[in-house]
Enquirer: 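Before I ask anything, let me first share the structure, which is written out below as structure tokens.
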Amino acid sequence: MNMIYGIMAAMPEEIEGVVKLVENPEVKIIGGREYIVGCIHGKKVIVVFSRWGKVAAASTVTTLIDVFHVNQIVFTGIAGGIQSDLKVGDIVIASRCVFHDMDTRPLNDRYVVPLINKKYFDVHVADGLLENLKEIFSSKNIGDVVGDDWAKQFNLNSVLVVNRAIASGDQFVNSQEARNDIKVNLSEVACVEMEGAAVAQICFEHDIPCTIVRTISDSADHSAAIDFEPFAKYVASNYSIAIISALLSD
Ligand code: SAH
């Protein structure tokens, strides 16, 4: 089968980085979004800035599937760290995704998606991705990814790359209370963001694999908004270039 990859990111900075990799780009606008069609490392891709939140992500994935006939989705983005061993710059490859704001009690248990009756959506992990990213983001190589100065400034000399669960919801989590609710009630969740579970649900419903990779940009507490800006601006785009290259080169 000829693979067509739908590559999504929720930050303009990340998309800018990935767009630089696209050969012979052609732009198609649907629903106010720019879908950039072309090739990366000889593979057919459609790159799109999904915008933030579950609805934006779900409608973008559906367009990628229905209009562009992609057969694999790749999502890169940033996230707030929940588990305490994770720090800014670490990477979480999703193992499964859950909506932390889904709550239809008493009709269903908390977090269970009605009618589908699932709490967690399993997410595909591309072969060798964990090992590849560990190597690319190792202390000896991180300077090549983000530049030595940024590596030093953000203390990126020991980047952790893990394969764990991710929680999504329509909320920028930036208080100890909101963070703790996830930490306590969804203890296997490593980080929180606003799109992953929506992407995973649509891909589950269409039987299409998706790979979701998140970089920790903040710690989802009161300092989240402060940490977030410089990381997103200066580091996230280089991270996504490295992650997408790792996924698409074989
Ligand atoms: N305060 C920021 C908004 C960032 S949220 C600003 O003013 O620019 C935007 C994106 O980052 C979303 O796509 C979400 O998936 C991700 N994200 C990063 N940290 C997050 C957090 N602590 N909570 C929820 N989403 C987060």
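Excluded from the calculations below are hydrogen atoms, water molecules and symmetry mates; all remaining heavy atoms, backbone and side chain alike, are included. Indexing begins at 1, ligand by ligand and atom by atom, following the structure's order.
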Enquirer: Ala79 heavy atoms, cut-off 4.0 Å: which ligand 1 atoms fall inside?
Expert: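 Result: 18 (C), 19 (N).
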Enquirer: Can you label the angle between the Phe137 ring and the Tyr239 ring as parallel, tilted or perpendicular, going by 30° and 60°?
Expert: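 Taking Tyr239 first and then Phe137, their aromatic rings sit tilted (interplane angle of 30° to 60°).
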Enquirer: I need the atoms of ligand 1 closer than 4.0 Å to a non-hydrogen atom of Gln171, numbered in the order shown.
Expert: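 So the atoms of ligand 1 that pass are 23 (N), 24 (C).
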Enquirer: Purely on distance, is any nitrogen or oxygen of Phe172 under 3.5 Å from one on ligand 1?
Expert: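 Between Phe172 and ligand 1, no N or O pair is found under 3.5 Å apart.
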Enquirer: Please determine whether a side-chain nitrogen of the Lys or Arg among Asp149 and Lys152 lies less than 4.0 Å from a carboxylate oxygen of the Asp or Glu.
Expert: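 No, no charged N to carboxylate O under 4.0 Å.
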Enquirer: Which one holds for Asp218 and ligand 1: side chain close, backbone close, both close, or neither close, with close meaning a heavy atom under 4.0 Å?
Expert: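 Just the side chain.
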Enquirer: Look at the side chain of Asp103 and the backbone N and O of Arg105, then say whether any donor-acceptor pair between them is shorter than 3.5 Å.
Expert: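 Yes, the answer is positive, given that a donor and an acceptor are paired below the 3.5 Å cut-off.
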Enquirer: What do we get for Ser217 next to ligand 1 when only non-hydrogen atoms under 4.0 Å count, side chain, backbone, both or neither?
Expert: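 The answer is the side chain of Ser217.
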Enquirer: Could you check if a side-chain atom of Val47 sits within less than 4.5 angstrom of a side-chain atom of Glu34, using non-hydrogen atoms only?
Expert: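 Result no, sub-4.5 Å side-chain heavy-atom pair not found.
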Enquirer: Would you mind listing which atoms of ligand 1 come within a distance below 4.0 Å of any non-hydrogen atom of Ala10?
Expert: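 In order of numbering, the contacting atoms are 13 (O).
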Enquirer: Test Ser240 against every option in Leu21, Thr76, Val74 by the side-chain contact (heavy atoms from CB on, under 4.5 Å) rule and name the one that passes.
Expert: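 Of all the options given, the one that passes is Thr76.
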Enquirer: May I ask you to decide if Ile40's main-chain N or O and Glu23's side chain share a donor-acceptor pair within less than 3.5 Å?
Expert: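 A pair under 3.5 Å: no.
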Enquirer: For Ala220, counting its heavy atoms only, list the atoms of ligand 1 lying under 4.0 Å from any of them.
Expert: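 Once the distances to Ala220 are compared, the set is 22 (N).
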Enquirer: Counting only heavy atoms closer than 4.0 Å, does ligand 1 sit against the backbone of Arg214, its side chain, both, or neither?
Expert: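 It is the side chain that gets close, since no backbone atom is under 4.0 Å.
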